[in-house]
Amino acid sequence: MWFIIESNKRKTAIFLFFITVFLLFFGAVLGFSFSTDLYEGTYYGTAIGALISLMCLIFIIFYVNAKSSEFFLNQADAVKVCGDSMPVLRNVVEEMAISSALGFIPKIYLIESPVPNAFAVGINEKNSAVAVTTGLLSILNRDELQGVIAHEISHIKNKDTLYLMYSGVI
């Protein structure tokens, strides 16, 4: 089972790499076709354009990575759970992070909404978080909540949020 997961991660990374290379190549071909100095035999403008677009892509990826958690949680009006508030939720998140060998406890956020929902954001220890709505907490018992939180933590552990962010930027 684990070798299949590793194989899928590897295939996804290779796929995203080739999409990036293809888009850069496509941009260079497009630049060549519209280049004014094509007839003079110099292609520096296109190469510089491809390099600038690559640097912009890398900057956007790092910027979105740094700000994505903040952005999504602010959009959802999430409130950070800290101290002794929500002891059951805090305990369940800690349990699931430890049992999944995540290596850190993600931040916990609560969203005031009657709609039952939960989501994970972030790709590393610094900016990962799990957010749940009050509607979800009101309808689930502790065992069901463990399943939902385990699912969300698996998104962080398997880097699903990283792949989603990278695919969105591309």
Side-chain angles (χ1 to χ4, degrees), residues 1-20 22-23 26 53-54 56-170:
M1 175 78 168
W2 298 110
F3 65 93
I4 295 172
I5 293 171
E6 290 303 317
S7 171
N8 287 340
K9 286 181 184 180
R10 196 170 32 258
K11 288 177 186 176
T12 301
I14 291 169
F15 177 71
L16 290 174
F17 172 77
F18 280 119
I19 283 180
T20 303
F22 171 76
L23 290 175
F26 181 72
S53 66
L54 178 63
C56 288
L57 179 66
I58 291 170
F59 173 76
I60 290 170
I61 288 170
F62 282 114
Y63 181 77
V64 168
N65 174 29
K67 299 294 181 183
S68 65
S69 298
E70 250 177 61
F71 175 76
F72 288 121
L73 293 169
N74 286 338
Q75 292 298 314
D77 293 327
V79 177
K80 188 172 183 180
V81 175
C82 47
D84 291 333
S85 64
M86 310 296 294
V88 174
L89 178 61
R90 290 178 56 80
N91 183 261
V92 167
V93 171
E94 289 172 4
E95 276 180 14
M96 295 300 103
I98 290 168
S99 65
S100 68
L102 189 59
F104 59 92
I105 309 296
K107 297 176 197 86
I108 307 164
Y109 287 86
L110 185 65
I111 300 169
E112 197 65 44
S113 172
V115 178
N117 198 6
F119 62 90
V121 294
I123 61 166
N124 57 25
E125 184 174 348
K126 181 181 174 188
N127 64 6
S128 67
V130 174
V132 296
T133 62
T134 54
L136 184 78
L137 293 176
S138 68
I139 63 171
L140 298 183
N141 64 33
R142 191 177 196 291
D143 291 336
E144 294 167 333
L145 183 62
Q146 278 181 325
V148 171
I149 297 298
H151 172 86
E152 299 307 327
I153 286 179
S154 74
H155 285 306
I156 297 169
K157 183 173 176 73
N158 293 325
K159 306 238 184 283
D160 297 341
T161 52
L162 169 65
Y163 292 140
L164 179 64
M165 181 268 310
Y166 188 82
S167 301
V169 169
I170 287 181

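All values reported here derive from a predicted model rather than from experimental measurement.
- Around NZ of K80, the count of heavy atoms belonging to other residues, nucleotides or ligands within 6.0 Å does not exceed 12.
- At most 12 heavy atoms of other shown residues, nucleotides or ligands fall within 6.0 angstrom of atom CZ in F15.
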(message) Set out, in order, the CA-CA distance, both residues' side-chain angles and the distance that settles side-chain contact (heavy atoms from CB on, under 4.5 Å) for L137 and M86, then state yes or no.
(response) CA-CA 10 Å; L137 293 176; M86 310 296 294; 3.1 Å; yes
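- From I105, atom CD1 reaches atom CD1 of I98 across 4.5 Å, with rounding to the nearest 0.5 Å.
- Panel note: side chain T12, backbone N8; a donor-acceptor pair is recorded below 3.5 Å.
- Without hydrogens or angle criteria, T133 side chain to N117 main chain gives a donor-acceptor distance under 3.5 Å.
- Without hydrogens or angle criteria, N158 side chain to D160 main chain gives no donor-acceptor distance under 3.5 Å.
- Taken to the nearest 0.5 Å, the CZ atom of F119 stands 12.0 Å off from the CG atom of L136.
- A distance of 10.5 Å separates CD1 in I139 from OG1 in T134, rounded to the nearest 0.5 Å.
- Inter-residue side-chain proximity for V132 and L110 is flagged as met; some heavy-atom pair is nearer than 4.5 Å.
- Identified under the side-chain hydrogen bond (donor to acceptor under 3.5 Å, both in side chains) test for residues 81-96, with sequence neighbours left out: N91-R142, E95-R142, E95-Q146.
- Taking CD1 of I156 as the reference point, atom OG of S128 lies at 4.5 Å (rounded to 0.5 Å).
- What you find for A120 and H155 is that their closest heavy atoms are CB-CB, 4.3 Å.
- Rounding to the nearest 0.5 Å gives a distance of 9.0 Å between CD1 of I149 and CE of M96.
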